Structures are given as C-alpha cells and as structure tokens.
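Let me begin by presenting the structure, written as structure tokens, before commenting on it.
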Amino acid sequence: MQDETAMSTAIEAAWTVLGSTSPNPWVGAVVVGPGGERYMGATEPPGGRHAEIVALEAAGADARGSTLYSTLEPCCHQGRTGPCTDAIVTAGVARVVVGIEDPDPNVAGRGIAALRDAGVAVEVGVRAGAVADQLAPYVKHRRTGRPYVTLKLATTLDGRTAAPDGADAHRLRAANDAVLVGAGTARTDDPELTVRLADGRDPRRVVLGRAPHGARLHPASEVSGPLDDILDDLGRQGVLSLLVEGGPRVAHSFHSAGLVDRYVLYMAPALMGGSDGRPVLDGPGTDSMSGVWRGRIVSVRRLGPDLRVEMEAA
Ligand SMILES: NC(=O)c1ccc[n+]([C@@H]2O[C@H](COP(=O)([O-])OP(=O)(O)OC[C@H]3O[C@@H](n4cnc5c(N)ncnc54)[C@H](OP(=O)(O)O)[C@@H]3O)[C@@H](O)[C@H]2O)c1
C-alpha cells in the first residue's frame, strides 16, 4: 500500500509536465528517504534532467538507503543526458519501484537489469495500469512510430455537430503535441487552434489539405495523402500525440480507417432535430445493426451544462 501511495504521488508529479517533455516521456519520480521524507521530481523539457535525477538532487544525502519510485523504468543509455541508472547507483538508492518497463528499444528492460546487476532491489508493476494509461501516447509512439490519436467531437444529444471550444477543449490542445483540422474547418471557422482558455503551450498546427492564405491557424503544416502515411510522418517528426478537431468529414475519415485511439465527446443538452444539422461523422455509415461500431466508455463527467464522455474502441 505504501508503494501504491508513493507511486500515485509520482503519477501526480508526471501530470504537471504533460505537454512540455515531448518527444521524451512525461515521468514522475519520488525519493522516500530512510526517515520517510519525500522528494519529488518530474521530467524537465528536452535537454533537461529526467524525473529521477530531479528527485535525487532534491533528496541530496537522503538518497542513500532510500526507495526511489519512478513511473517509467529508469534509462540506462547515454542520450542528451547521462544514464539515470548510474546516478541511482552512485546516490546509494537501496530500492527502486517502477510503474512500467520502458518500451523504447534503447531501454526495454535494460535499465531494470542494470540496477539489479548493481545490487539495487527493483520491483516492477506498481500501479502499472494507471501509468500505462498516463503514458499511452508515449508507449504507442515507441511501439508503432505513430502518434496516439484523440478525436474530439462536439455534439448535440441527437448527434449533430455543435459549437465546441470551452476551457476543457483548450486543455486537450495543451496536452497534445499537434492538433489537426480539415481544410473545410479552416475555411469555414478560421480557428486559431491555440491554447487561450487554459494554461500550457500551443500545439503544433496541422491542416489536412490547404488552408486559405491569411488563415488564423498559420503557421501550420499542410499535409495530404493517405492518413497512414501522414501519421507515420508526424511520428517521425517526434509528434507523440495528435488531437483531431474535425470537422465531420475529417472525423469520419480517421474513425472509419480505425485510426482513433480515444474519442472525447462534448455533448450539449440540445436536440437539433430535423435533417439539416451535420452528423458528427460525415461519410458512409452502416445500414445494419451488426455493422455498428462499438466502443468502451472510459469516463463520463459533467462539465458545466454539458457531458464529457471519453471512449475507446471496444
Ligand atoms: N462539432 C465539432 O466538433 C466540429 C469541429 C470542427 C469543425 N466543425 C464544423 O465542421 C464544418 C467543416 O467540416 P467539413 O466536414 O466541411 O470539413 P473538414 O472535415 O474540416 O474538412 C474536409 C476537407 O479536408 C480535406 N481533406 C483532405 N484529406 C482528407 C481526408 N482524408 N478526409 C477528409 N477530408 C480531407 C478536403 O479539403 P478540400 O475540400 O480542400 O479538398 C475536405 O473537403 C464547419 O462548419 C465547422 O464549424 C465542427
């Protein structure tokens, strides 16, 4: 239980740096000293210190004989910074508790092995489900080379497109490395796609097709071609997470190709009725119940007057 509580603290620390570490993972760490003192760390922006080092430096001499909790397996290779495993051993940490193994081929269990070889006790898998969920974009990117795709949909309760753009939608932007809209949305709505109603940095902006000269979302990358290739390219450029903001044709393209990892629906207590409103997924559907796409609800929240539903493929 003590391990779970400390890992939860490390997970909380990692949330505070989401959006600022890509292409590196957003990791949280806690050093619990021999007397029970806690020292926290979270990944610094690229080129900065890893979470474990931040926590170890905060602990100073208290790191000797301590337990270090890290959401992700400590690295053992020389990247922009030195191997964390060396620093952990040098600091005299007695035990390391890890959330999940690092899927990056440069690590993939070698960090854990290096610690054990140096005589450090290592336990893996504490709060692994929560950590895997928190790091899902990083894990997908390292395994497939592609960004984790979130599709945002704003709908009335009868499934027609509604006006989006609350503070929560801006938080989603801040949490993603890139945000994509179709040329139709660029032409009709002229969105900025920046983060204004929440804290955080602006994501990189991507348009499927061409955006008009002078559109407010510029500077943006204009991309075209098969969506698979576009995702591969973005992944190669270090985009770990992509937020697709529509519109309905683009949403349909990503959905029908099975390229969406998570759906975020903002549902307004409104009924448009009639047949004039646009469906949120605009394209060929299915005419049989057996062909209906089914998902799994991950969370449901009230957000002011609206409902916020998160869903994954079943
Ligand atoms: N409720 C919501 O969540 C939400 C969110 C965003 C926008 N919207 C609304 O959606 C409307 C615009 O939507 P829309 O459906 O007309 O346009 P859209 O989905 O934003 O963009 C469609 C356009 O993107 C280009 N494109 C390039 N590759 C594509 C691909 N693989 N799949 C689909 N499109 C591709 C094409 O541009 P070309 O025509 O140039 O070839 C296509 O016409 C606006 O009225 C906006 O207000 C609603």
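For ligands, and for the atoms within them, numbers begin at 1 and follow the listed sequence. Counting from 1, the numbers follow the sequence of the chain as shown. Everything numeric here is computed off the predicted structure, so don't read it as measured data.
No N or O atom of Leu227 sits closer than 3.5 Å to an N or O atom of ligand 1. For a threshold of 3.5 Å applied to N or O pairs, the pair formed by Arg249 and ligand 1 contains at least one separation below that value. Of the polar atoms of Gly247, at least one N or O is found under 3.5 Å from an N or O of ligand 1, judged by distance alone. Not one N or O of Thr161 is nearer than 3.5 Å to an N or O of ligand 1, by distance alone. For ligand 1, the polar-atom distance check finds no N/O of Ala251 at less than 3.5 Å from any of the ligand's N/O atoms. Of the polar atoms of Arg278, at least one N or O is found under 3.5 Å from an N or O of ligand 1, judged by distance alone.
Close approach to Ser253 involves these atoms of ligand 1, each under 4.0 Å from a residue heavy atom: 30 (C), 31 (N), 32 (N), 33 (C). Ligand 1 places these atoms under 4.0 Å from at least one heavy atom of Glu245: 5 (C), 6 (C).
Closest to atom 37 (O) of ligand 1 by heavy atom, among Ser224, Gly209, Ala183, is Ala183. Evaluated by nearest non-hydrogen atom to atom 34 (N) of ligand 1, the leading choice among Val250, Val181, Val280 is Val250.
Heavy atoms of His252 come nearer than 4.0 angstrom to ligand 1 in no pair at all.
Within 6.0 Å of atom CZ in Arg201, more than 12 heavy atoms from other residues, nucleotides or ligands are found, so the atom counts as buried in its surroundings.
Classified by interplanar angle (parallel below 30°, tilted 30° to 60°, perpendicular above 60°), the ring pair His255/Tyr263 is perpendicular.
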Discussion item. Would Arg160 and Thr155 count as a side-chain hydrogen bond (donor to acceptor under 3.5 Å, both in side chains) here? Give the steps.
Written reply: CA-CA 5 Å; Arg160 303 290 168 170; Thr155 88; over 6 Å; no

Worksheet entry | Full working for side-chain contact (heavy atoms from CB on, under 4.5 Å) between Arg308 and Val264 | CA-CA 7 Å; Arg308 182 188 195 276; Val264 177; 3.9 Å; yes

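Side chains of Arg205 and Ser221: no donor on one and acceptor on the other come within 3.5 Å.
Ion pairing between Asp229 and Arg146 fails under the 4.0 Å rule for side-chain N and carboxylate O.
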